[in-house]
Every structure is written in C-alpha cells, then in structure tokens.
Amino acid sequence: MFALVDCNNFYVSCERVFSPSLEGRPVVVLSNNDGCFIARSNEAKALGLPMGGPAFKFREVLKQNRVAVHSANFPLYGDMSARVMQTLSALAPDIEVYSIDEAFLDMTGFSRFDLESYAATMRKTVRRTTGIPVCVGIAPTKTLAKVANRIAKKHPASNGVCVLRTAEAIKAALAMTPVEDIWGIGRQWSRRLQTQGIMTAADLAAADSTWVRKHLHVTGARVQAELNGTPCLAIELVRPAKQSICTSRSFGKCVGTLDELQQAVATFAGKCAYKLRREHSRASMVTVFTGTSPFEEPEARYWGTRTITLPFPSNNTTTLLNAANNVLSGLYREGYGYRKAGVLVSGMVPEDQPGTTLSLFGEEESPGDRRQQELMAVMDGINHRYGRGTIRLAAEDDQAWKPQQEQLSPHYTTDWADIITVRA
C-alpha cells in the first residue's frame with residue numbers, strides 16, 4: 001500500500017501559520033514580480049480567482065472582497081516543506097518527496113493497522129508540529145493513491161482521508177475521477193481518450209490494453225495497470241539527478257541596453273553554476289533566452305534563444321558566465337524593451353565521472369583544475385556562512401535583479417532578524 005500526503009493550498013497555508021488572522025479569509029500568493037496567482041485559498045477560489053490569473057485584471061475583486069495578497073516567499077515555503085517532510089519521515093519506513101508539497105509513503109507492513117485511523121493520525125501530527133493542513137490518500141498503487149488523495153481533498157465528508165482498499169471502493173473512486181485528472185495523463189492524451197469515449201479513470205482501466213499501449217505507449221500502459229491495482233512504480237528513495245537547471249526572471253521594468261541584459265544573464269548563469277555544484281554535476285550545454293513582453297504590439301515583439309556546447313562539462317561560474325555572455329551577444333537586438341531573460345544548463349554529467357576533466361585548451365581552462373575548484377568551494381563556503389551574494393563575480397548583481405515583491409511576508413524561519421518575538 002502507498003500513501004500520498006498532499007499539503008492543502010501549501011503556499012497559502014505557510015502564510016497562515018504565522019498570521020492566524022488569515023484563517024477564513026480569502027488569500028492569494030503571487031508569482032515573481034507580483035504578476036499572477038500561483039496559490040489561492042478555498043475562499044479565494046470561491047470568488048472565481050483563477051490559477052495563473054494576472055493580478056492587475058482582478059484588482060477590483062481583490063479590493064472589494066478584502067483579499068489578502070502576498071508575494072511569493074520561497075525561502076519560507078522551502079523551509080516549511082522540509083519540516084513537513086521530516087515529520088512524515090517518522091511516520092513510515094520509506095518516503096519519496098515528490099514535490100515541495102507532496103510525498104509518497106511506503107505503507108508496506110501496515111496491514112494490521114486501521115489505515116483510516118492511522119491516516120487521521122498523520123494529519124493531526126503534521127498539523128500539530130508544523131501548522132500545515134494535509135490530506136491523505138492510501139491505495140495499492142501510487143496512481144490510485146493520487147486518486148484517493150484527490151477524493152480526500154475534494155469531498156469534505158472524507159475529513160481529509162480516503163483509503164481505497166477494496167475492489168468496490170476502487171471502482172467507485174475511478175468512476176468519479178475525470179480522465180484529465182489522472183496522474184500521468186496530460187492534456188493531449190486526455191483529449192485523445194475523450195474522442196474514444198474514455199471519459200473517466202474507470203473507462204481507462206477497462207479499455208483495451210493493446211489499444212492503450214499502441215496509442216499511449218509504455219507510460220499509458222503503466223497508468224492503466226496501476227489503475228487496475230498492479231504496482232508499476234516503486235518508492236524512489238533517491239531523487240534522480242536533474243537533467244537540466246534553469247534560472248530565469250521576468251523583469252519589473254523594461255531593459256533596453258546590452259549592458260543591463262548582460263548583467264542579468266551573468267547573474268542567472270552564476271545561480272545555475274551554484275546549483276550545479278550543489279547537485280555535484282557539470283553541464284555540457286548552455287542555453288540563453290530573452291524576449292519582450294508577449295503583450296507588446298507585433299512589431300515590438302522579439303524572442304530569441306540559442307544554445308552552445310561547452311568544450312568540456314563545467315560547473316565553474318566563470319566558464320558558464322563567459323559562455324552565456326557570448327551567446328547573449330548574438331541574441332541581442334537593439335531597439336527592443338526586454339522583459340524576460342534566462343539561462344538553462346543541460347547535458348549534465350556527474351562531477352566525478354571519469355573523462356570529464358580533460359580539455360584541449362590547457363590545464364587552466366579544465367574544470368578539473370584544482371585552483372578553480374578551490375576558488376568555487378571558498379565562494380560557496382563564504383556565501384553559505386554569511387548569506388547568498390556575500391561574495392560574487394563582478395559581473396553579477398543579485399540585488400539588482402531581485403523580483404518585485406511589494407507584499408512579501410517576513411522570513412520567519414530562515415532569517416534571524418525575522419524570527420517572531422513572544423513576550424510573556
């Protein structure tokens with residue numbers, strides 16, 4: 001048996017932990033530069049505020065209904081996520097952290113337990129230790145656990161818990177699950193299935209397996225098998241290595257000069273290099289993209305992207321920054337007002353993979369050069385101890401390219417200056 005534990009409206013719930021006055025009040029969390037809704041409380045959803053909706057279009061609705069608006073506080077959300085996952089890890093032998101607000105638990109060996117009661121205990125424990133409300137779905141496969149969790153979240157009568165143990169319970173759950181809501185079935189596949197009269201998860205489970213494998217390939221066949229109770233996906237105790245890393249940002253103002261754009265791209269390349277070192281990986285390719293707002297007049301729109309292959313895989317900030325700068329020089333077009341840029345590194349290999357330290361360009365340019373490795377280690381150590389951006393390359397300027405966050409809440413758990421003071 002597998003359990004899927006999912007935090008309810010996670011970003012909103014994190015804000016409510018430290019501001020209890022927000023309970024029962026409509027709350028939204030905005031994306032970078034306070035642009036679009038990326039999280040909504042149930043009260044905000046009831047007002048018709050759509051996921052991804054631009055905040056400026058709903059300014060009057062927000063004002064008339066006294067909606068609490070918060071800028072995204074990702075350091076807070078990441079720390080609260082770690083606390084939730086740490087709590088869950090004590091409630092089951094194995095845990096797979098699936099996303100910032102979801103985790104699968106291996107419930108093997110819990111057959112002698114009352115699973116409904118144990119799931120309720122999970123909810124109470126997480127709420128007591130972190131303040132975050134969660135829903136729990138338990139079923140024989142991970143896909144069915146997703147179905148169970150959806151029911152636990154959508155139906156108030158379930159009290160946040162749904163256990164699918166019997167064939168009758170599974171059949172009823174599948175019948176009330178639209179095909180587009182099945183884990184692993186995307187928008188394109190759901191449209192294809194609907195043209196064949198497959199409208200629910202029950203329809204997909206009962207569909208001809210040969211047809212499913214032919215049209216949805218191996219992934220679709222696995223989804224169908226999981227819906228029928230055959231586990232195909234095990235708990236992943238070790239997170240797979242990332243295949244790419246991207247750092248991008250929408251600007252709060254128009255950027256018109258190459259110098260400004262170079263500074264932004266250099267900052268993003270530096271962040272990618274830091275993330276690569278944390279992953280103990282090196283990248284072989286660097287992609288840079290930049291463009292204007294999609295809402296500009298057609299003649300004022302521009303979007304450019306280009307990829308280059310490095311002479312050797314690297315996680316050195318200087319190497320990646322220089323590569324990104326060279327790519328940007330070929331992308332830049334004068335006369336446009338740029339609103340977004342980003343750097344993506346890919347073609348990743350393990351840091352210690354044999355053969356990645358060789359170079360045709362001399363010892364100093366090799367990523368295996370000890371002096372470069374030591375320099376990066378010293379920079380990372382100083383930044384870890386004294387705060388990100390304490391030491392950086394001159395071309396970078398993280399402060400200048402911070403997103404607009406006018407409604408940012410304090411960093412209650414990640415900054416000493418923002419820790420709540422209680423006077424008794």
Side-chain angles (χ1 to χ4, degrees), residues 1-10 36-40 42 45 50-53 95-107 134-155 158 160-236 239-240 242-244 246:
M1 298 289 280
F2 298 86
L4 176 65
V5 181
D6 185 12
C7 302
N8 299 344
N9 305 322
F10 180 58
C36 304
F37 305 131
I38 59 172
R40 304 154 297 154
N42 291 337
K45 294 174 185 177
M51 189 67 166
I95 179 174
E96 174 190 338
V97 179
Y98 180 66
S99 67
I100 192 171
D101 62 346
E102 290 180 280
F104 286 103
L105 306 181
D106 185 357
M107 305 301 289
V134 301
C135 287
V136 182
I138 300 178
T141 71
K142 290 171 78 172
T143 304
L144 286 174
K146 275 275 193 178
V147 171
N149 186 276
R150 179 181 178 275
I151 293 173
K153 184 173 289 188
K154 296 285 185 181
H155 298 271
S158 67
V161 171
C162 178
V163 179
L164 302 180
R165 185 163 25 197
T166 66
E168 292 76 12
I170 293 173
K171 185 176 180 180
L174 296 182
M176 68 173 69
T177 303
V179 69
E180 63 268 20
D181 288 336
I182 302 173
W183 185 43
I185 300 296
R187 185 178 303 173
Q188 185 175 352
W189 277 4
S190 65
R191 285 198 295 261
R192 179 182 297 183
L193 290 168
Q194 288 165 355
T195 61
Q196 300 296 315
I198 299 174
M199 310 302 291
T200 67
D203 296 333
L204 179 57
D208 179 69
S209 58
T210 303
W211 184 91
V212 171
R213 178 175 286 271
K214 178 180 178 181
H215 293 277
L216 306 186
H217 315 299
V218 175
T219 301
R222 287 176 179 167
V223 171
Q224 184 186 42
E226 290 244 328
L227 291 176
N228 283 306
T230 302
C232 299
L233 303 170
I235 291 285
E236 294 184 358
R239 178 176 61 81
K242 292 183 178 179
Q243 300 303 306
S244 64
C246 181

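This is a predicted model, so every value here is computed, not measured.
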For the student: nearest non-hydrogen atoms of Ile198 and Ala207, plus distance: CD1-CB, 3.9 Å
Closest heavy-atom pair and its distance - Ala139, Ala145: CB-N, 3.5 Å
Taking every non-hydrogen atom, the tightest pair across Leu174 and Ala205: CD1-CB, 4.1 Å
Any donor-acceptor N/O pair, Ser190 side chain to Gly186 backbone, under 3.5 Å: yes
Glu180 CD to Gln188 CD distance, which is reported to the nearest 0.5 Å: 15.0 Å
is_close_aromatic(Trp183, Phe2), centroid dist under 6.0 Å: no
From NZ (Lys142) to CG (Leu105), nearest 0.5 Å: 11.0 Å
Inter-residue atom distance Gln196.CD - Asp208.CG, 0.5 Å rounding: 11.0 Å
Heavy-atom side-chain contact between Asp203 and Val179 under 4.5 Å: no
Backbone of Val212 reached by a side-chain donor or acceptor of Gln224 within 3.5 Å: no
Non-hydrogen atoms of Arg150 and Asp181 that approach each other most closely: NH2-OD2, 3.0 Å
Stepwise side-chain contact (heavy atoms from CB on, under 4.5 Å) check, Glu102 with Asp6: CA-CA 4 Å; Glu102 290 180 280; Asp6 185 12; 3.3 Å; yes
Criterion side-chain contact (heavy atoms from CB on, under 4.5 Å) on Cys232 and Thr141, from CA distance to verdict: CA-CA 8 Å; Cys232 299; Thr141 71; over 6 Å; no
Asn149 side chain vs Leu4 backbone, donor-acceptor pair below 3.5 Å: yes
Heavy-atom closest pair, residues Leu216 and Trp189: O-CH2, 3.0 Å
Heavy-atom pair of closest approach, residues Ala3 and Val136: CB-CG1, 4.4 Å
Nearest-0.5 Å distance, OG1 of residue Thr143 to CD1 of residue Ile182: 9.0 Å
Ile95 side, atom CD1; Ile235 side, atom CD1 - distance, nearest 0.5 Å: 8.5 Å
Trace of the side-chain contact (heavy atoms from CB on, under 4.5 Å) decision for Val218 with Arg222: CA-CA 6 Å; Val218 175; Arg222 287 176 179 167; 3.6 Å; yes
Nearest-0.5 Å distance, CG of residue Leu204 to CG of residue Asn228: 8.5 Å
